[in-house]
Amino acid sequence: MAGRNEDSRKTLALRRRLLAWYAPHRRDLPWRRTREPYAIWISEIMLQQTRVAVVMARYREFLERFPTLTSLARADEQEVLAQWSGLGYYRRARMLHQAAQFVVQRDNGNLPATAEELRRLPGIGAYTAAAIASIAHGKCSAVVDGNVARVVCRLEGWDGAGGRANDPLKRRIEARAAQLIDPTHPGDWNQAMMELGATVCLPRNPRCLECPIAGACKTRGEHKTLPRAPMLRREIGHALVVRIPNRARKSGAGAQEILLEQRPPELTVMPGLWELPELRQAAIPEPELRMTVRHAIMRVNYLVRIRDVAEHNVEKLTVQQGERRWVRLEDAWRMALTGLTRKVLERARLSPAAKDVAAHSSQ
DNA sequence: CATTCGTGGAG
DNA sequence: TCTCCAAGAAT
């Protein structure tokens with residue numbers, strides 16, 4: 001009895017301290033200026049395994065393009081992927097789209113309000129369900145993301161190194177998070193825990209001197225992590241094929257087109273996205289090197305060689321897997337390009353306009 | 001349940 | 001330059 005009261009007294013103090021810290025330290029993020037469930041949902045999907053800074057740059061424009069759940073549901077998948085282009089984990093965009101259509105069909109576009117119901121939608125797992133329910137609807141559902149797991153493990157002095165795919169520990173963390181959550185401010189509490197993990201209780205160099213709950217922490221130090229498999233290296237080549245259609249020759253170079261290829265839908269990696277045609281290995285004569293790009297995807301570090309290929313050599317020098325299309329450069333930016341393709345096109349500076357911008361900004 | 005899915009930025 | 005990894009979910 002006494003021990004239990006002691007625990008609850010400590011818990012109350014912990015809640016008070018963390019929430020008091022959160023109020024003045026919370027970052028002013030766009031998705032913290034709304035409680036609209038749809039907007040919260042979009043932010044939570046984007047934030048999955050994606051840094052706040054990256055989401056900051058893409059969140060508003062996604063909501064401008066798809067302002068409502070219904071508008072998202074009505075869009076073509078390619079439009080959604082195009083808006084998602086560069087964010088990675090493209091399955092998120094597909095499942096977001098599917099879930100929107102599902103909700104429109106089943107419940108007239110009203111997103112469920114409880115974690116249990118949200119959890120049934122594609123792309124919404126335990127974390128996202130609890131996040132939406134607590135932040136948008138004030139439900140008392142504790143989130144456990146990477147931040148919360150780390151904070152809880154340090155607080156309790158648990159060895160978090162096995163935290164990945166280790167069920168017993170994961171359950172203990174979830175149970176502890178459920179005990180800690182402040183039932184009077186669930187959304188703020190969840191965000192405060194994540195904010196603490198993201199800005200103070202950092203993975204490698206935690207700033208324990210700035211931590212509002214260091215007094216309750218059993219660790220105040222490093223967080224063990226498992227070593228990772230070393231990155232693999234691979235070299236690949238892509239073809240940059242540019243042409244100016246006859247009909248557009250008089251109007252100048254602004255109408256130049258590039259050849260893009262759509263990745264087949266059956267691929268596991270980035271199906272349906274558009275990229276530069278793949279260069280045939282040991283192509284002879286070897287096309288001129290335009291640029292080399294480093295691009296890491298998952299555990300493979302690619303050295304990518306981009307070579308200029310003339311239109312009449314495309315068949316001979318490239319391998320084709322999916323549909324090809326000539327696209328005006330200005331239109332390409334609005335397509336579902338892979339991140340690598342986007343990077344290459346930016347760096348290639350094909351259009352006169354892009355050159356002008358670069359010339360001005362570099363002076 | 002271990003694996004797989006992208007990307008860009010900090011250190 | 002290179003490693004590490006970030007508000008996870010599906011399979």
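Reminder, nothing fancy here: chain letters follow the sequence lines and each chain counts from 1.
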Between A/M56 (CE) and B/dG8 (C1'), how many Å, whole number?
16 Å
Interface with DNA chain C, restricted to residues 122-134 of chain A and to heavy atoms under 4.0 Å:
A/P122, A/G123, A/I124, A/G125, A/A126, A/Y127, A/T128
Output the rounded distance in Å from CZ (A/R120) to P (C/dA9).
16 Å
Mind calculating the distance between CD1 (A/I173) and C1' (C/dG8) to the nearest angstrom?
14 Å
A quick test of your reading: do over 12 heavy atoms of other residues, nucleotides or ligands sit less than 6.0 Å from CD of A/Q105?
no
Considering residues at least two apart in sequence or located in another chain, which fulfil the salt bridge (Lys or Arg N to Asp or Glu O under 4.0 Å) criterion with A/R234?
none
Which is it for A/E261 and A/R324 under the salt bridge (Lys or Arg N to Asp or Glu O under 4.0 Å) test, yes or no, and what are the steps along the way?
CA-CA 4 Å; A/E261 181 172 321; A/R324 284 183 175 175; 2.7 Å; yes
Within this structure, what is the NZ-to-P distance between A/K343 and B/dG6, rounded to whole angstrom?
15 Å
Which comes earlier along DNA chain C counting from the 5' end, the contact point of A/R119 or that of A/R32, where each point is its nearest nucleotide?
A/R32
Can you measure A/M270 atom CE to B/dT4 atom C1' for me and round it to whole angstrom units?
13 Å
Distance-only check: which donor-acceptor pairs under 3.5 Å involve side-chain atoms of residues 133-141 of chain A, not counting sequence neighbours?
residue, atom, partner, partner atom, Å
A/S134, OG, A/A130, O, 2.8
A/S134, OG, A/A131, O, 3.2
A/S134, OG, A/N190, ND2, 2.9

Is there a side-chain polar atom (N or O) of A/H295 under 4.0 Å from OP1 or OP2 of B/dG6?
no
Whole-Å gap separating P (B/dG8) and CD1 (A/I297):
10 Å
OP1 or OP2 of C/dA7 versus the side-chain N and O atoms of A/Q48: is any pair under 4.0 Å?
no
Should the pair A/R342 and A/W333 be classed as cation-pi, given the thresholds of under 6.0 Å to the six-membered ring centre and 45° from the axis?
no
Between side-chain atoms of residues 121-129 of chain A and protein atoms elsewhere (two or more places apart, or another chain), which donor-acceptor pairs fall under 3.5 Å?
residue, atom, partner, partner atom, Å
A/Y127, OH, A/E44, OE1, 2.6
A/T128, OG1, A/Q48, NE2, 3.0

With sequence neighbours left out, write down each residue that passes salt bridge (Lys or Arg N to Asp or Glu O under 4.0 Å) with A/E346, or none if nothing qualifies.
none
List the atom pairs, donor and acceptor, that lie under 3.5 Å between side-chain atoms in residues 69-77 of chain A and the rest of the protein, sequence neighbours left out.
residue, atom, partner, partner atom, Å
A/S71, OG, A/T68, N, 3.1
A/S71, OG, A/T68, O, 2.7
A/S71, OG, A/T68, OG1, 3.3

Any side-chain N or O of A/R58 below 4.0 angstrom from OP1/OP2 of B/dG6?
no
Scan the side chains in residues 20-27 of chain A for donor-acceptor partners under 3.5 Å anywhere in the protein, sequence neighbours excluded, and list what turns up.
residue, atom, partner, partner atom, Å
A/W21, NE1, A/H25, ND1, 3.3
A/Y22, OH, A/R26, NE, 3.4
A/Y22, OH, A/R32, NE, 3.4
A/H25, ND1, A/W21, O, 2.8
A/R27, NE, A/E195, OE1, 3.4
A/R27, NE, A/E195, OE2, 2.9
A/R27, NH2, A/E195, OE1, 3.0

How would you label the contact of A/M46 with the nucleic acid (heavy atoms, under 4.0 Å): base, sugar-phosphate, or nothing?
nothing
Collect all protein-nucleotide pairs involving nucleotides 3-5 of chain C in which both atoms are nitrogen or oxygen and the distance is under 3.5 Å.
residue, atom, partner, partner atom, Å
C/dC5, O2, A/R51, NH2, 3.0

Would you sort out whether A/R119 and A/T114 count as a side chain to side chain donor-acceptor pair (under 3.5 Å), showing the intermediate values?
CA-CA 9 Å; A/R119 180 69 183 79; A/T114 68; over 6 Å; no
Would you please test A/R33 and A/D28 for salt bridge (Lys or Arg N to Asp or Glu O under 4.0 Å) and show each step?
CA-CA 8 Å; A/R33 293 186 162 204; A/D28 181 21; 2.7 Å; yes
Residues which pass salt bridge (Lys or Arg N to Asp or Glu O under 4.0 Å) with A/D107, listed by chain and number, not counting sequence neighbours:
none
Does any N or O donor sit under 3.5 Å from an N or O acceptor when you compare the side chain of A/T50 with the base of B/dG6?
yes
Please list residues of residues 179-198 of chain A whose heavy atoms come under 4.0 Å from any atom in DNA chain C, ordered by number; otherwise none.
A/M194, A/A198
What's A/L267 touching, base or sugar-phosphate or nothing? Going by heavy atoms closer than 4.0 Å.
nothing
Need one value for A/S43: base, sugar-phosphate or nothing, where a base atom within 4.0 Å counts as base even if backbone is also close, heavy atoms only.
nothing
When you match A/L47 and A/M95 each to their closest nucleotide on DNA chain C, which lands nearer the 5' end?
A/L47
Given atom CG of A/L118 and atom C1' of C/dG8, what is their separation to the nearest angstrom?
15 Å
Have a look at A/R342 and say if it touches a base, only the backbone sugar-phosphate, or nothing, with a 4.0 Å heavy-atom cut-off.
nothing
Where do A/D145 and A/N147 land on the side chain to side chain donor-acceptor pair (under 3.5 Å) test, with the steps shown first?
CA-CA 5 Å; A/D145 72 331; A/N147 289 311; 3.1 Å; yes
Gap in Å between the two C1' atoms, one belonging to C/dA7 and one to B/dA2, rounded
23 Å
Under 4.0 Å from any atom of DNA chain B, heavy atoms only: list the residues of residues 77-91 of chain A that qualify, in numerical order.
A/G86, A/L87, A/G88, A/Y89, A/Y90, A/R91
Got a sec, which residues hit salt bridge (Lys or Arg N to Asp or Glu O under 4.0 Å) with A/R325, two or more places apart in sequence or on another chain?
A/E323
Pi-cation contact, A/W274 with A/R263 (under 6.0 Å, within 45°):
no
Quote, to the nearest angstrom, the C1' distance that separates B/dG6 from C/dC5.
12 Å
What is the distance, rounded to the nearest whole Å, between atom CG of A/L340 and atom C1' of B/dC5?
16 Å
